[in-house]
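Read through the structure below, which is laid out as structure tokens, and then see the notes.
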Protein chains: 2
Amino acid sequence: MDSINIKKLAEALNLSTSTISRAFRDNSDINGATKERILAKAKELNYQPNHYASNLREQKSKTIAVIVPELANNYFSQAIHGIERVARENGYHILIYVTDDEYKKEVTFIRHLHNGRADGIIMSVSGEANDHNYLNKFGSKRLPLVFFDRIYEDIDTPRVITNDYNSSFLATEHLIEQGCNRIAYLVVNKSLSIGKTRMQGYLDALAKHQIPFEENLVIDCSNSYEENSIIIKEALTQLKPDGVFTSVERLAFATYYACYDLEINIPKDLKVISFSSLEIAPLLNPSLTTITQPATEIGEEAAKLLFTILDNHADKNLPNEVVLVSKIIKRNSTANG
Amino acid sequence: MDSINIKKLAEALNLSTSTISRAFRDNSDINGATKERILAKAKELNYQPNHYASNLREQKSKTIAVIVPELANNYFSQAIHGIERVARENGYHILIYVTDDEYKKEVTFIRHLHNGRADGIIMSVSGEANDHNYLNKFGSKRLPLVFFDRIYEDIDTPRVITNDYNSSFLATEHLIEQGCNRIAYLVVNKSLSIGKTRMQGYLDALAKHQIPFEENLVIDCSNSYEENSIIIKEALTQLKPDGVFTSVERLAFATYYACYDLEINIPKDLKVISFSSLEIAPLLNPSLTTITQPATEIGEEAAKLLFTILDNHADKNLPNEVVLVSKIIKRNSTANG
DNA sequence: TTGTATGCGTTATCAC
DNA sequence: GTGATAACGCATACAA
């Protein structure tokens, strides 16, 4: 093995390993000149303190894990981008884990991460329908955890969310104001809190405007493209809604495709509004009215929150919940005439 | 410190640490019953072998690093998704690094990664205009490295790319066949190999069809949304092309926005074709003709290639270059009357 | 300011 | 089949 380590560097410089070590840590007493000498030689020999040895010694990894349900999704990739930026600024590295919306994977990831690999976790959850209690099994040894977007309400940990209820209320109201009175609500899994919160806004807006709620206008979709296509087409033909409010971007796209096929004109026959982080919503045919979440900012906030926790071992009274505001951007998919 | 480790587990079971360790490794001699007993107790006490200690001992991290120029981009997030999947299957974890197209960051990341944090690197490069030689400075200690999409041609390492030249040739030819003869080529940085390769296809297609090449129809764009808007609008007004071939997705979007503003009709006045991994290209107004790269597959191939290298320390004769095929999908942005 | 010695949690070698 | 022990590379308490 010809690889360089602290000992060899020490020998090469006729110094002790402790002195070498000091040259790489900031707060140690060390002669400026020797430090220079060490750093120079280190560069020459391409020496870097071994990450695993340091971390074993220091009992921390300078690494955080990010767990998301999916990756090929504007919202999550933007959020990760935000997390990455903040992490980098703080000298942290990020590990990415994708659950594909499978609860089992989430549990496996979280369990695994408690082996020291990461100092903290930022997660958008996948298993709302399942048992969240596994998170409490770690006791006091549970890694610092921050939720964003999709959360477990029954788990006590900081979270970054958006004002979903309000946005949904306003979105529904917008459709009503545009003349809709048969508004369908498309959701991926209505038992998930995020689906429920958004649905409540929908319900309350209907109530406010004295539009009776019809159970079957709540369309429970799946994660499969093909299945959704069938479900949505059937809903459009059978129920003939004049407005659609979709709780996730993907369902708006599916609605568009369905309308193309069925020759339903958006917005004339059907108005569409959706939660979406798509930057090119204006380029769609027709341009899509969106509730746009500040995805990058959500990621940044989540990361900041986590670092606050990691810095203050004595958790000062930090916010347990950060709420960011989404914006409704009206475009042609909900236009009149 | 109340945290559990191998020693405590050993005490709790009246066994030695070696036996505990064996229970967690596959190939060791150990009594079936004791193994059961250990695993059970481990679960009960929430014990997991410390990752950093193991890795320090074994001199490998079961981690690979992925370096990309940007994240909020369909292509890269899909590619990462592919990498993540394959990595997971192989029991590896992935670290993500975003360079924001800054060469300096790339160098810093790569340097840093040679501290043992990762066993290998998958990268789409950012610094084509700069000195790539830093990669050779590591000598035999350089980590296994696989390029994908954007590569350094002068660095000898395996790579996964697409048939860019051919796709560009066919894309340009498609525009010509649709009646264009003033075709602009939009590129972010034409000195980059990927820009050059794609441009060569463009040039050769023009030549084949005896269309004289006009230097100023090659529009060198930037990474800034605002700058591109100005550049493209000026190009469209001054040069009046009847076709646009964009080397990256983002420039196609910018072209759409510019045309909306300038009231140029696509495809009547201007036909547009672009490299793009956008899944909703059919939903654009008008639907966008794309050269679609198999992004996820590219990621998967890159990961597989890396794992082949990591497995065979004696590098068998593995392919140095994997070429995947892109597909041209004709849509309305290049349609005729 | 620098050096010595010890231990972080694990696994491999070698005994038994 | 199991246990004692050294070593992985580094950082710190303590000594000098």
Side-chain angles (χ1 to χ4, degrees), chain A residues 1-39 41-42 45-63 91 112-119 141, chain B residues 1-39 41-42 45-63 91 112-119 141:
Chain A
M1 199 51 153
D2 62 341
S3 92
I4 181 85
N5 60 25
I6 200 172
K7 223 190 249 168
K8 286 191 194 145
L9 186 57
E11 281 168 17
L13 286 162
N14 248 313
L15 289 168
S16 77
T17 60
S18 28
T19 310
I20 306 292
S21 177
R22 280 188 265 262
F24 284 92
R25 352 239 77 260
D26 283 339
N27 56 352
S28 294
D29 290 338
I30 186 173
N31 180 300
T34 41
K35 180 167 177 176
E36 291 302 313
R37 207 155 60 90
I38 292 170
L39 261 30
K41 194 73 174 179
L45 298 183
N46 242 309
Y47 168 76
Q48 282 190 84
N50 179 286
H51 180 249
Y52 288 114
S54 306
N55 288 157
L56 175 57
R57 187 55 232 255
E58 297 184 45
Q59 304 287 34
K60 58 187 168 61
S61 65
K62 282 281 189 179
T63 302
H112 175 93
L113 286 167
H114 283 76
N115 68 356
R117 200 186 249 275
D119 295 338
K141 289 178 303 185
Chain B
M1 197 51 155
D2 62 341
S3 92
I4 181 85
N5 59 26
I6 198 171
K7 226 190 245 162
K8 286 188 196 149
L9 185 57
E11 280 168 18
L13 287 162
N14 247 310
L15 288 169
S16 75
T17 61
S18 347
T19 308
I20 306 293
S21 178
R22 276 189 269 262
F24 285 92
R25 351 234 68 264
D26 282 339
N27 56 354
S28 294
D29 290 339
I30 186 171
N31 182 301
T34 41
K35 180 167 176 176
E36 291 303 313
R37 206 156 60 91
I38 292 171
L39 261 28
K41 194 74 174 177
L45 299 182
N46 243 310
Y47 167 77
Q48 281 189 85
N50 181 286
H51 181 248
Y52 288 116
S54 304
N55 288 157
L56 175 58
R57 191 52 235 247
E58 297 181 33
Q59 305 287 31
K60 59 186 165 60
S61 64
K62 284 280 188 178
T63 302
H112 174 94
L113 285 168
H114 283 78
N115 68 356
R117 199 187 250 274
D119 295 339
K141 288 179 302 184

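Because the structure is predicted, anything quoted here is derived from the model rather than measured. First the proteins, then the strands, lettered A, B, ... as listed; each starts at 1.
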- prompt: Can you check whether A/Arg117 reaches A/His112 side chain to side chain, under 4.5 Å on heavy atoms?
  reply: yes
So, does [X] get its side chain near the phosphate of [N], meaning an N or O under 4.0 Å from OP1 or OP2?
| X | N | value |
| --- | --- | --- |
| A/Gln59 | C/dG9 | yes |
| A/Thr34 | C/dT2 | yes |
| A/Ser21 | D/dC10 | no |

Starting at atom [atom1] of [X], determine the distance to atom [atom2] of [N], rounded to an integer number of angstrom.
| X | N | atom1 | atom2 | value |
| --- | --- | --- | --- | --- |
| B/Arg117 | D/dC10 | CZ | P | 15 Å |
| A/Lys7 | C/dG3 | NZ | C1' | 15 Å |
| A/Arg25 | D/dG9 | CZ | P | 17 Å |

What N/O pairs connect the protein and nucleotides 3-7 of chain D at under 3.5 Å? Give each pair on its own line.
unit_1	atom_1	unit_2	atom_2	d
D/dG3	OP2	B/Ser16	N	3.1
D/dG3	OP2	B/Ser16	OG	3.1
D/dG3	OP2	B/Thr19	OG1	2.4
D/dG3	N7	B/Arg22	NH2	2.7
D/dG3	O6	B/Arg22	NH1	3.4
D/dG3	O6	B/Arg22	NH2	3.3
D/dA4	N7	B/Ser18	OG	3.2
D/dA4	N6	B/Ser18	OG	2.9
D/dA7	N3	B/Arg57	NH1	3.4

- request: Kindly assign one of parallel, tilted or perpendicular to the pair A/His51 and B/Tyr52, based on the angle between their ring planes and the thresholds 30° and 60°.
  value: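 Taking B/Tyr52 first and then A/His51, their aromatic rings stand perpendicular (interplane angle over 60°).
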Under the side-chain contact (heavy atoms from CB on, under 4.5 Å) test, residues paired with A/Lys41 that sit two or more places apart: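 A/Lys41: side-chain contact (heavy atoms from CB on, under 4.5 Å) contacts with A/Leu9, A/Ala12, A/Leu13, A/Glu44, A/Leu45.
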field: A/Asn5 CG to A/Ile20 CD1 distance, which is reported to the nearest 0.5 Å
entry: 10.5 Å
message: So if I take every side-chain heavy atom of A/Asn5 and compare against D/dA11, C/dG9, D/dC10, which nucleotide ends up nearest?
response: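 Taking heavy atoms from C-beta onward, the closest nucleotide is D/dC10.
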- request: Name the closest nucleotide to the A/Glu58 side chain, picking from D/dA11, D/dC10, C/dG9.
  value: D/dA11
query: B/Leu56 or B/Gly32: which one's nearest nucleotide on DNA chain D is closer to the 5' end?
result: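 Counting from the 5' end, the first nearest nucleotide belongs to B/Gly32.
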task: Scan B/Tyr47 against the nucleic acid and name what it touches under 4.0 Å (heavy atoms): base, sugar-phosphate only, or nothing.
output: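 Sugar-phosphate, backbone atoms only, no base.
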